[in-house]
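Right, one structure below, let's go through it.
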Amino acid sequence: MTAVKKTTIPTPLPEEMPRSGNWLTQGIGLLIVKALGWRFDGEFPPEKKLMVALAPHTSNWDFVVAMPFIMALKLKASWLMKKEAFFFPFKGLFQWLGGIPTDRSAAGGMAKQVASQFKKNEKMWVAITPEGTRKKATKWKNGFLRIAHASNVPILLVAWDFPTKRICIDSVYKTTGNLEVDMHEIQRRFSKYRGRNPENQTDFVDAG
């Protein structure tokens, strides 16, 4: 069995990855990552367009850990935000940070809107937390599956594992179009990881 690559950040990084930032933000990110004592397991796939599913999301600390990694990687991670938030003087800042304005009331729904953004951009990785909340959820929101399928892009599964202080690239998943099958398989793959507050994680039940 091939050993999992374990580094502060993975190198080399794929050319297909959307990039942002500079040497200063990268250096600050690396310093924070090392100070926190976290490490990175795995390698990024050579994909220009991805949905990035992050789980288990159980605490505000998830983003405290994730953000310096994003800075250290010089990764441009896009994320979804209500269009009402994109007003002067914040519109330019949110767009620079990777924000994608969405209108939940628009015809065709959010999946169609994000699919349109994927078409417009040569490179785009959209990050989302399937639980949709830090509290214990009875089920995950399937919006990320709908978006990935409508956009014809794979889903990269990335996990926080607090007991081992690792951010892990688990695998790349291609949707089947069957929401129930896709959700079950993705939750199964995430079930081996533990968040900062594991009591808030959604229970995985293997019906098979």
Return yes if some donor-acceptor pair links the side-chain N/O of Asn152 with the main-chain N/O of Ala148 below 3.5 Å, else return no.
no

Does Lys49 reach the main-chain N or O of Asn121 with its side chain, forming a donor-acceptor pair under 3.5 Å?
yes

Roughly how far, to the nearest 0.5 Å, is CZ of Arg39 from NZ of Lys34?
9.5 Å

The side-chain hydrogen bond (donor to acceptor under 3.5 Å, both in side chains) partners of Thr202 (sequence neighbours excluded) come to Trp140

Look only at the side chain of Lys192 and the backbone of Arg189, and say whether a donor-acceptor pair between them is shorter than 3.5 Å.
yes

Mark yes or no for whether Arg166, through its side chain, and Pro163, through its backbone, hold a donor-acceptor pair below 3.5 Å.
no

Does the Asn178 side chain pair with the main chain of Glu180, one donor and one acceptor, at a distance under 3.5 Å?
yes

Rounded to the nearest 0.5 angstrom, the CD1-CG distance for Ile169 and Asp41 is 9.0 Å

Between atom CG of Leu156 and atom OG of Ser171, what is the distance when rounded to the nearest 0.5 Å?
8.0 Å

According to ring-ring contact (aromatic ring centres under 6.0 Å, His included), who are the partners of Phe44, at least two apart in sequence or on a separate chain?
Phe40, Trp125

Does the side chain of Leu73 reach to within under 4.5 Å of the side chain of Leu13, using non-hydrogen atoms?
yes

Is there a donor-acceptor pair closer than 3.5 Å between any side-chain N or O of Ser151 and the backbone N or O of Ile147?
yes

Anything under 30° is parallel, anything over 60° is perpendicular, the rest tilted; go ahead and classify Phe63 against Trp160.
perpendicular

Please report the interatomic distance NZ(Lys76) to CZ(Arg19), rounded to the nearest 0.5 Å.
13.0 Å

Where the side chain of Lys165 meets the backbone of Leu36, is there a donor-acceptor pair that is under 3.5 Å apart?
yes

Does any non-hydrogen side-chain atom of Phe162 lie less than 4.5 Å from one of Arg194?
no

Nearest 0.5 Å, what's the NE2-CD distance between His184 and Gln187?
8.0 Å

Looking only at the side chains, is there a donor atom on one of Asp62 and Ser59 sitting less than 3.5 Å from an acceptor on the other?
no

Of all the heavy-atom pairs spanning Lys136 and Gln201, show the shortest one and how long it is.
NZ-O, 2.7 Å

Note, Ile167 side chain near Val65 side chain (heavy atom, < 4.5 Å)
yes

When you measure from the side chain of Thr58 to the backbone N and O of Asn197, does any donor-acceptor pair fall under 3.5 Å?
yes

With a 4.5 Å limit on heavy-atom distance, are the side chains of Tyr193 and Pro56 in contact?
yes

Sidechain-backbone polar pair: Lys123 side chain, Glu15 backbone, donor-acceptor under 3.5 Å:
yes

Test item: Asp170 side-chain N/O and Val158 main-chain N/O as donor-acceptor pair under 3.5 Å
no

Are Thr175 and Asp182 close enough that a side-chain donor and a side-chain acceptor fall under 3.5 Å?
no

I'd like to know if Glu122 and Lys48 make a salt bridge, using a cut-off of under 4.0 Å between side-chain N and carboxylate O.
yes

With hydrophobic residues grouped by side-chain heavy-atom distances under 4.5 Å, do Val64 and Met71 end up in a single group?
yes

Report yes or no: do Ile28 and Leu75 belong to one cluster of Ile/Leu/Val/Met/Phe/Trp/Tyr joined by side chain heavy-atom distances under 4.5 Å?
yes

